[in-house]
Amino acid sequence: MNASPGNLPASSDDYLSRLNPEQRAAVETVDGPLLVLAGAGTGKTRVLTTRFAHILMTRRAFPSQVLAVTFTNKAAREMRERVAAILGEPAEGLWLGTFHALCARMLRRHAQLVGLESNFTILDTDDQMRLLKQVMDAAGVDMKRWPPQGLMSIIQRWKDRGLTPARITAAEDSDFANNRARSLYAGYQERLVQLNACDFGDLMLHVTEILRTHRDVLADYHRRFRYILVDEYQDTNTVQYLWLRLLAQRENTAERNICCVGDDDQSIYSWRGAEIENILRFEKDFPGATIVRLESNYRSTAPILAAASGLIAKNSGRLGKTLRPGRNDAKGEPVRVVSLWDSEEEARMVGSRIEASRRSGENLSETAILVRAGFQTRAFEERMITLGIPYRVVGGQKFYERAEIRDAMAYLRVLNQPADDLAFERIVNVPKRGLGDTTIRAITQQARDAQRPLVVAAWQMVEGGAMRPKPRQALRELLEGFARWREMLGREGHVVTAATLLDESGYTEMWKQDKSPEAAGRLDNLKELVRALGEFETLAGFLEHVALVMENDENAEGERVSLMTLHAAKGLEFDHVFLPGWEEGLFPHQRALDEGGEKGLEEERRLAYVGITRARKRCIISHAANRRIYANWTSQIPSRFLDELPPDQVQVEGGAGAERQRMLNQPSAFGNGQFPLVARKPRVIEAGAWEVSERPARAAALPIGSRVFHQKFGYGRVVGADDNKLDVEFDKAGRKRVLDTFVEKA
DNA sequence: CCCCTTACCCTTTTT
DNA sequence: GGGTAAGGGG
């Protein structure tokens, strides 16, 4: 296990010498509970991975005796790779993964203890909702008055807190649907078991329940896991906390080797059930715990750190940390605050600064625009398209959440597991087969009467039920199709079968017929799905992967500006960071204030802290005096967070905008709330607007009149050209001026 | 049964 | 403004 000299450049404990004293303490305090408070950019991941490797290198445990938990697949993958790099060999047999992946693994071993079989299905959010609606429907709940979505979030919150229906006291019941939330929850759980399925929350809930009630199982895991490592501890919810505590609190207190790494200042997921209290009370849960603070920041310049620290200091109830520059070259430019007239000017400002840094040779991958809410990305996207700056939107809709992928997945699920009623329901009339509400209701009724899965009931209907000839024939064809494909699966393998199924069922044809701009992309996605299927040995293995590892790494390559929400940016870093939209109501978001009060405000402030600390060299914060929200223009007040930034670290720019802002806010002078006397918009000089493109125009390739395709706007016809800019009349999106590089011949 | 109109909602979303 | 969900007309 020890690295041989050939694998590592220097001595075998070389990996320790690269750590600073705090980090080293965090790595070498191996025994007993340890909390590592790791500020942003202080080498948290390095500590975690080095500690993991250290445990293995010093032969304190075999790889299979360490439990390492992360929140994201990405973090898990990174840890696996980095541990392997230190060890000099691939790390096999690890219990390393996300909370949910580890729980799924455990639950497959003990499924019968909660009434499931080990091949249970993991439902996606669509299925969950449909199932819950069915349960509510059966219970006669008026879903107009009591929206299913509301009940779903109540149930999820209960699951986040580790509460099975039996553990909910009458006092804790919600007044939803006249105090029926708890019994509806119980009904929903029952249906899940009948379907041999569980939802995401169940993975944690079931395993925790098993550990709580089966001492022998718990004891087995106690024997197995000698060391526990937890990443992003501030984001754990109650059930994750209970799970960890059950696993970590071994009889022998000397063996409670749990190490949690986190940062209370970066806790931004309370709305997902995360309990910041978990990290705040670590010492109480694990008496005698050691606490190590990592405060040397190796990422950002001094002004950026000072701005972030100054802001977060306004929060109360912190464990307390002060980031200090860990680099000698940490001097740098001040954080800038730019005031703009409106959101369009804000987008132009960001765009022209990005153009400027691009001209000076900066890598666009080192620039990010981080927004509070998803809708804000649109204005920037449009600006990037106009300027011809490559960008990518991180997050947003995930690959496996797209309609076409979900449909295809439903087909595969029925193939894999004919009793998967939810999947069958999803695709029975997709593409349209003339099997509408009436038919489906009849099948459902038959299934309920016969106590059989939908597929079986459907066969019964086809063979002898009361049906009109057309739907009967359509249903027969579908069912015979599945029989054929299932038989093919054994013969030809899952990849060929999947491709055949998608064609023969008429599903790909449906999208080929579709004339909307997205159709082509959807077909590509289906191809990608089949390709991904090839990476797995079995269909079941693939389905498990998709349920747990929903990832979206398209557009990852190439030099592109990143556009994402602040939440999505946690854990990332960039040379240049833009933080637009720092306005009251947007950031801090009004709803966070309304629903969370002072706590909500503090979480918003932590979000601001996360945003600023993403920046290595340059951080540009902006706010606009006017913003279009939904349909109409609203005037906006600068965010209180701007006032909380330490003034000596911040340089205010965009005086023109600020001046107008000041005048706008003087009520009497301009009377009727119409746009004020400063009507003359400042001339916005966009650097680079007149630059001549070095590349010759592609007029020859795309002459006026030719059909083109654009990623965002779809199909259109070229109606004019100006050097490399084309005027295109899009079928759907209307007339737009776009750069020729952004369209292709249709 | 399908499709088109209309009404309604609108923060964040690691798995 | 735009995307979804329910209802009514063809």
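Chain A is the first sequence line, chain B the second, and so forth, proteins listed ahead of strands; every chain is numbered from 1. The figures here come from the full heavy-atom set of this structure, side chains too, leaving out hydrogens, waters and symmetry mates.
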A.B. asks: Considering every strand and a 4.0 Å limit on heavy-atom distances, what is the contact class for A/Gly374: base, sugar-phosphate, or nothing?
C.D. replies: sugar-phosphate
A.B. asks: A/Ser153 side chain to A/Gly150 main-chain N or O, any donor-acceptor pair under 3.5 Å?
C.D. replies: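 Present.
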A.B. asks: Think A/Thr98 has a side-chain N or O under 4.0 angstrom from the OP1 or OP2 of B/dT14?
C.D. replies: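 Result: no.
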A.B. asks: What pairs with A/Glu644 under side-chain contact (heavy atoms from CB on, under 4.5 Å), at least two apart in sequence or on another chain?
C.D. replies: A/Leu311, A/Lys314, A/Arg605, A/Arg640, A/Phe641
A.B. asks: Test of understanding: with salt bridge (charged side-chain N to carboxylate O under 4.0 Å, His left out), list the residues that count as partners of A/Arg157, not counting sequence neighbours.
C.D. replies: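 Here no residue qualifies.
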A.B. asks: Which part of the nucleic acid does A/Ala75 contact within heavy-atom distance under 4.0 Å: base, sugar-phosphate only, or nothing?
C.D. replies: nothing
A.B. asks: Tell me if a side-chain donor or acceptor on A/Asp235 pairs with a main-chain N or O of A/Ala274 at a distance below 3.5 Å.
C.D. replies: no
A.B. asks: Hey, would you say the A/Tyr241 and A/Trp243 ring centroids sit under 6.0 Å apart?
C.D. replies: no
A.B. asks: Using a 4.0 Å heavy-atom cut-off, does A/Gln376 contact any base of the nucleic acid, only the sugar-phosphate backbone, or nothing at all?
C.D. replies: nothing
A.B. asks: Going by salt bridge (charged side-chain N to carboxylate O under 4.0 Å, His left out), name the residues that satisfy it together with A/Arg522, two or more places apart in sequence or in a different chain.
C.D. replies: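 A/Arg522 satisfies salt bridge (charged side-chain N to carboxylate O under 4.0 Å, His left out) with A/Glu404 once adjacent residues are dropped.
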A.B. asks: What residues form a salt bridge (charged side-chain N to carboxylate O under 4.0 Å, His left out) with A/Asp263, not counting sequence neighbours?
C.D. replies: A/Lys321
A.B. asks: Who pairs with A/Val430 by side-chain contact (heavy atoms from CB on, under 4.5 Å), at least two apart in sequence or on another chain?
C.D. replies: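 A/Asp407, A/Tyr507, A/Met510.
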A.B. asks: Nearest to the side chain of A/Phe200 - B/dT15, B/dT12, B/dT14?
C.D. replies: B/dT15
A.B. asks: Take A/Phe375 and A/Ile440, find for each the nucleotide of DNA chain B with the closest heavy atom, and name the residue whose nucleotide sits nearer the 5' end.
C.D. replies: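 The 5'-side residue here is A/Ile440.
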A.B. asks: Tabulate atom names and distances for all N/O pairs under 3.5 angstrom spanning the protein and nucleotides 2-5 of chain B.
C.D. replies:
from  : atom 1 : to       : atom 2 : distance (Å)
B/dC2 : OP1    : A/Gly434 : N      : 3.3

A.B. asks: Distance-only check: which donor-acceptor pairs under 3.5 Å involve side-chain atoms of residues 593-601 of chain A, not counting sequence neighbours?
C.D. replies:
from     : atom 1 : to       : atom 2 : distance (Å)
A/Asp594 : OD1    : A/Gln590 : NE2    : 3.0
A/Glu595 : OE2    : A/Arg591 : NE     : 3.1

A.B. asks: In residues 263-273 of chain A, what residues come within less than 4.0 Å of DNA chain B, judged by heavy atoms?
C.D. replies: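 A/Tyr269, A/Trp271, A/Arg272, in order of number.
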A.B. asks: Excluding sequence neighbours, so at least two apart, what forms ring pair (Phe, Tyr, Trp, His ring centres under 6.0 Å) with A/Phe52?
C.D. replies: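 With neighbours one apart ignored, the set is empty.
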A.B. asks: Can you build the contact string for nucleotides 1-10 of chain C? Use B for base contact, S for sugar-phosphate-only contact, and - for no protein heavy atom under 4.0 Å.
C.D. replies: BS----S---
A.B. asks: If only side-chain N and O atoms of A/Asn73 are considered, is one of them under 4.0 Å from the OP1 or OP2 phosphate oxygen of B/dT14?
C.D. replies: no
A.B. asks: Any side-chain to backbone donor/acceptor pair from A/Asp199 onto A/Leu123? Under 3.5 Å, distance only.
C.D. replies: no
A.B. asks: With ring centroids as reference points, do A/His623 and A/Phe587 lie under 6.0 angstrom apart?
C.D. replies: no
A.B. asks: Mind jotting down which residue pairs meet the ring pair (Phe, Tyr, Trp, His ring centres under 6.0 Å) criterion with at least one end in residues 590-613 of chain A? Sequence neighbours excluded, please.
C.D. replies: none
A.B. asks: In whole Å, what is the span from the NE2 atom of A/His100 to the C1' atom of B/dT14?
C.D. replies: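 It works out to 9 Å between those atoms.
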A.B. asks: Just call it for A/Thr70: base, sugar-phosphate, or nothing, with non-hydrogen atoms closer than 4.0 Å on any strand.
C.D. replies: nothing
A.B. asks: Give the dot-bracket line for DNA chain B from 5' end to 3' end: parentheses for intra-strand Watson-Crick or G-U pairs under 3.5 Å, square brackets for crossings, | for inter-strand pairing, dots for unpaired.
C.D. replies: ||||||||||.....
A.B. asks: If we ignore hydrogens and angles and just use 3.5 Å, is the side chain of A/Glu583 paired with the main-chain N or O of A/Ala624 as donor and acceptor?
C.D. replies: yes
A.B. asks: Using heavy-atom distances to pick each residue's nearest nucleotide on DNA chain B, tell me which of A/Thr439 and A/Ala568 is more 5'.
C.D. replies: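 In this pair, the answer is A/Thr439.
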A.B. asks: Nearest-Å distance, CD1 (A/Ile122) to C1' (B/dT15)?
C.D. replies: 10 Å
